Amino acid sequence: QVDLVESGGGSVQTGGSLRLSCAASQYISSTYYMGWFRQVAGQAREGVAAITSAGDTTYADSVKGRFTISRDNAKNSLYLQMNSLQPGDAAKYYCAAGSRPTYFSRLLQRQTYNYWGQGTRVTVSS
């Protein structure tokens, strides 16, 4: 069992930046891939960014060039640097981790992951 706790959410103006963090309760071994998802009330949870144990990354088209995912296995942590935030980025952001065999192309799909945090809210005002 891996417990994940997100932090760093808040309220910013359009064009601002936030850095989300996710702390894992145990060592995130080299077999875990991790991701960030977001969800707006009444809508499906969507993949934002993901990173493999080797450090390979993938992003949703809507955030490419603005968001950067990174991880620090020694600190059991995952990060999401979000720049040039837009009102459309406002959502509850969730950290996820997975260990089941999968394909790189599925890393932004919700069903790929088996561990989830409780989420942190991001609000962007215009």
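Predicted model, so just to flag it, every value in this text is computed and none were measured.
Within 6.0 Å of CD in Gln13 there are 12 or fewer heavy atoms belonging to other residues, nucleotides or ligands.
The line from OG of Ser7 to OH of Tyr93 is 15.0 Å long, rounded to the nearest 0.5 Å. Rounded to the nearest 0.5 angstrom, Arg106 CZ and Tyr33 OH are separated by 10.0 Å. Here the straight-line distance linking atom CG of Asn73 with atom OG of Ser53 works out to 8.0 Å at 0.5 Å rounding. Atom SG of Cys95 and atom OH of Tyr115 lie 13.0 Å apart (nearest 0.5 Å).
In terms of modelled atom types and a separation under 3.5 Å, the side chain of Thr14 and the main chain of Ser125 share a donor-acceptor contact. Under a 3.5 Å cut-off, the side chain of Thr123 and the backbone N or O of Ser11 do not form any donor-acceptor pair. Of the possible donor and acceptor atoms, one in the side chain of Ser77 sits under 3.5 Å from a partner among the backbone N and O of Lys75. The main-chain N or O of Gln118 is found under 3.5 Å from a side-chain atom of Glu6 such that the two form a donor-acceptor pair.
With a 6.0 Å cutoff to the six-membered ring centre and a 45° limit on the axis angle, Arg19 counts as a cation-pi contact of Tyr79. With a 6.0 Å cutoff to the six-membered ring centre and a 45° limit on the axis angle, Arg38 does not count as a cation-pi contact of Tyr94.
Side-chain contact between Tyr32 and Val2 is present, with heavy atoms from C-beta onward closer than 4.5 Å. Side-chain contact between Asn83 and Phe67: absent, with no pair of heavy atoms (C-beta onward) separated by less than 4.5 Å. Using a 4.5 Å heavy-atom cutoff, the side chains of Gln86 and Arg66 are in contact. Between Asn114 and Arg100, the closest side-chain pair of non-hydrogen atoms falls below 4.5 Å. Contact check for Gln109 versus Tyr103: no side-chain heavy atoms found under the 4.5 Å cut-off.
Trp36 and Ser21 make their closest contact through CH2-O, 3.6 Å (heavy atoms, listed as atom of the first residue, atom of the second, distance). For the pair Ala49 and Tyr59, the tightest heavy-atom approach, listed with the atom from each and the gap, is CB-CD2, 3.5 Å. Heavy atoms only, all atoms of each residue included: Ser84 and Ser17 are closest at N-OG, 4.3 Å.
When each of Asp56, Thr68, Leu78, Leu80 is checked for a side chain to side chain contact (heavy atoms under 4.5 Å, CB included) with Ile51, only Leu78 meets the rule. Here the options are Leu18, Val124, Ile69, the test is side chain to side chain contact (heavy atoms under 4.5 Å, CB included), and the partner is Met82; only Leu18 passes.
Ring centroid separation for the pair Phe37 and Tyr113 comes in under the 6.0 Å cut-off.
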- Task: Determine, step by step, whether Thr120 and Leu20 satisfy the side-chain contact (heavy atoms from CB on, under 4.5 Å) criterion, reporting the C-alpha distance in whole Å, the side-chain angles of both residues, the deciding distance to 0.1 Å, and the verdict.
- Result: CA-CA 8 Å; Thr120 185; Leu20 304 184; 4.0 Å; yes

- Task: Carefully, step by step, assess Arg71 and Met34 under the rule side-chain contact (heavy atoms from CB on, under 4.5 Å).
- Result: CA-CA 8 Å; Arg71 64 190 291 169; Met34 301 188 76; 4.1 Å; yes

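Hydrophobic cluster membership differs between Leu4 and Leu108, with clusters built from Ile, Leu, Val, Met, Phe, Trp and Tyr side chains linked at under 4.5 angstrom.
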